[in-house]
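In what follows, a structure is listed as structure tokens, so that the remarks can point back to it.
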Amino acid sequence: MFRSIECGEINSQHIDQSVTIAGWVHRRRDHGGLIFIDLRDSKGIVQVVINPENGTDLHNIGEKLRNEWVVQISGTVQSRPAGTINPEMITGEIEIDAKNITILNQSETPPFYINDEKIEIDELLRLKYRYLDIRRPKMNNALKARHKVVKFIRDYLSDQGFLEIETPILIKSTPEGARDYLVPSRLYPGNFYALPQSPQQLKQLLMVGGIEKYFQIARCFRDEDLRADRQPEHTQLDIEMSFIDQEDILNLIEDLYVNIIEQLFPNKNILNPFPRLTYKESMLKYGTDKPDLRFDLTFIDFSDIASKTDLLVFKSTIEQNGIIKGFTVPNGASLSRKKIDALTKFTISKGAKGLITIGLIDDDTIKFDKLEISNFKSNISKFLTLEQLRDISRKGNAKKGDLILIVAGPEKTTNASLSALRNKLGEDLSLADPNMLAFAFVVDFPLFDYNEDEKRWDATHHPFTMPKEEFQGLIETDPGAVIANCYDLVCNGEELASGSIRNHDFELQSKIFNILGYTDEQIDLRFGQLVNALKYGAPPHGGIAPGIDRLLMLLTDSNNIRDVIAFPKTQNGIDPLFESPGPVDYEQLNELNISINTTKEES
RNA sequence: GGCCCCGUGGUGUAGCGGUUUAACAUACUGGCCUGUCAAGCCAGAGAUCGCCGGUUCAAAUCCGGUCGGGGUCGCCA
């Protein structure tokens, strides 16, 4: 037996007991006589005292010990002498009086501090020595949190009658969507498996198979460029159910998430019930389909007032069917000229042509019908009448000291830039409660999305999404107007989950493939297995797929996805620890009938 | 593919044309030290400033390129 108890579990109830512990030397304090060792294991840290009175051999070992050496120590638990209790430590009331120390392993000096997390270490170095990084409490705790959440999900869904079913990692490439990772087949030269971008078709086939309630903690692979919240392989909670409607799925997810937060992360605040907003509403009020609802700042449409002005920007925007909207920043008028310039620059960098700012200068006597031109500090005040400025303030619900920000331009870029500006102000002005997790459902997405570049309709969610019944007559006549049984879970400005009710009817599914412009051959090649299955009594079904990594990011206050993954890749898709991807032997390639074209690419 | 930021002892930073033999903290090595807990004190070792090229009498410092890391747009049904 290596140990009788774990370091973090020892407390004053164990005083006078003999214990054996094992772990890493977290810190050593050598006083020449007494030597203190902080010993760390996965449960915590406990102080060990090496007293020279307990023997010279023991003391000699204590002098040799260094950080991160692995040792086994047996001794007696004793209360610390008066005045030496450390209230900062969970085990600070007691210590281990060492009687025997065995060195289990030595360690070279680590390339970075394991016992000090105040210093931020270069992430490349952390990844190269990930096994040491994982020893540090931050990573260690993130992985523990991850386990707890996944276990909770498994228990919760199992209790509700869900079956966890594994689906293949080696499947078939179904182009469209993201780029596939490919795996060459040895037995069929020139043919490839693809790693699944998600188990989408498989879980629908499970529904046709009569499973009714399926889930999987599923790894998904997409060969696309990375971001702070994207990895080439990420984990989804994949869920699919039969004989249900949208409401059943939203209620299930809401209850699951509320329980995860309340039971595992009680220090987090949530909006309960989760607010629901339609896609249209979300775009109008926040300019995005993943609004950060931790703070207010909702958008206001100023186009009616703008249409009456002589300002050229407004006129041309209206002529070109653009939009003019903005929002009021409480107490924003006090922002310095420099800060406002920076906001303008930021907004332009996000695609806007400019930023209109109207500050209501602080004045105790302010009343909207009596606002004078001197109350307005604005880059457009000389182009508007006093009455127009008053109208804008009134519509923007602005009070003295507030700042109104307006962008005019094409709908898409205006929404995108204003939304980015809103998020930036939320952060800059600390408008969000840092412990708030503002979950919300966004529903009623359009079924199709017009692709300007390729002059055709794309599926907003995916091609299997079912249109709402009342819109099914419009599929062929007005595809853009069709609303889908499709929904997202968002939180703090992140998309956390996406799902839909699927088409279980072959005819309806075929109609949609038609609008998407697939030929019969393409349908057969990519979706043949699913389309055929629909012919054999496919039940009504639907599902959702919440991202596990992004949820963990929010739960652990991480600002990047790599911090909740044990062995992630860099932004260029490299694993610095294994140095993957790497070359393979000629024999391996030969077996796969693959030859490498080593001609250097031009440019 | 575009744009932005970063690269200096093991780690984290300072230095931003000559005052530098590149500074500071910490880690590391050795010594002293019996109640510390980021222990303390003393001494020591450790960097050709990511790489290549250019400008200059002189480059860590300025310029160009390149490599690597991060962020972001495109992309991610």
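Below, read A as the first sequence line, B as the second, and so on, with proteins coming before strands; counting in each chain starts at 1. The structure displayed is predicted, hence computed values, not measured ones.
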* A:Arg80 side-chain N/O to A:Glu95 backbone N/O, donor-acceptor pair under 3.5 Å -> no

- Tell whether A:Asp225 reaches the base of B:G74 with its side chain through a donor-acceptor pair below 3.5 angstrom. yes

Here the distance between atom C1' of B:G70 and atom NZ of A:Lys569, to the nearest Å, is 18 Å

| message | Any donor-acceptor pair, under 3.5 Å, between the side chain of A:Arg80 and the base of B:U36, if you only look at N and O atoms? | response | yes

- Touch check for A:Ile35, heavy atoms < 4.0 angstrom, all strands: base, sugar-phosphate only, or nothing? nothing

When A:Gly83 and A:Leu124 are each assigned the nearest nucleotide of RNA chain B, the 5'-most assignment goes to A:Gly83

At under 4.0 Å between heavy atoms, what does A:Arg27 touch on the DNA or RNA strands: base, sugar-phosphate, or nothing? sugar-phosphate

Between A:Glu233 and A:Lys569, is the closest basic N to carboxylate O distance under 4.0 Å? yes

Applying the 5.5 Å / 30° rule, does A:His31 stack onto the base of B:A39?
yes

inquiry  = Just to be sure I understand the rule, does A:Asp30 reach a base, reach only the sugar-phosphate, or reach nothing, if contact means heavy atoms closer than 4.0 Å?
reply    = base

Could you tell me whether A:Glu123 contacts a base, only the sugar-phosphate backbone, or nothing, with contacts defined as non-hydrogen atoms closer than 4.0 Å? sugar-phosphate

- request: Confirm from the modelled atom types if A:Tyr113 and B:G10 form a donor-acceptor pair under 3.5 Å, side chain to base only.
  value: yes

Could you tell me whether A:Asn572 contacts a base, only the sugar-phosphate backbone, or nothing, with contacts defined as non-hydrogen atoms closer than 4.0 Å?
sugar-phosphate

What distance, rounded to whole Å, do you find between the two P atoms, one in B:U66 and one in B:C4? 14 Å

For A:Gln571 and B:G71, is the shortest distance between a side-chain N/O and OP1 or OP2 below 4.0 Å? yes

pair_partner(B:G44), Watson-Crick or wobble, both distances < 3.5 Å, evaluates to B:C28

Which of A:Ile119, A:Asp122, A:Asp133 passes side chain to side chain contact (heavy atoms under 4.5 Å, CB included) with A:Phe112? Answer is A:Asp133

TODO: Answer yes or no: is there a side-chain heavy-atom contact under 4.5 Å between A:Thr109 and A:Asn67?
DONE: no

(request) Start with the C-alpha gap between A:Tyr487 and A:Phe441, add the side-chain angles, then the distance that decides, and say whether ring-ring contact (aromatic ring centres under 6.0 Å, His included) holds. (result) CA-CA 7 Å; A:Tyr487 32 84; A:Phe441 288 115; 7.8 Å; no

inquiry  = Need one value for A:Asp458: base, sugar-phosphate or nothing, where a base atom within 4.0 Å counts as base even if backbone is also close, heavy atoms only.
reply    = nothing

Check: With a 4.0 Å cut-off on heavy atoms, is A:Glu95 in touch with a base, just the backbone sugar-phosphate, or nothing at all?
Finding: base

Inter-nucleotide P distance (B:G7, B:A43), Å rounded
32 Å

Whole-Å distance, A:Ile50 CD1 to B:G35 P, equals 15 Å

Can A:Phe112 be classed as stacking with the base of B:U11, given a centroid separation cut-off of 5.5 Å and a plane angle cut-off of 30°? no

- Message: Between the base of B:G70 and the side chain of A:Arg227, is there a donor and acceptor pair under 3.5 angstrom?
- Response: no

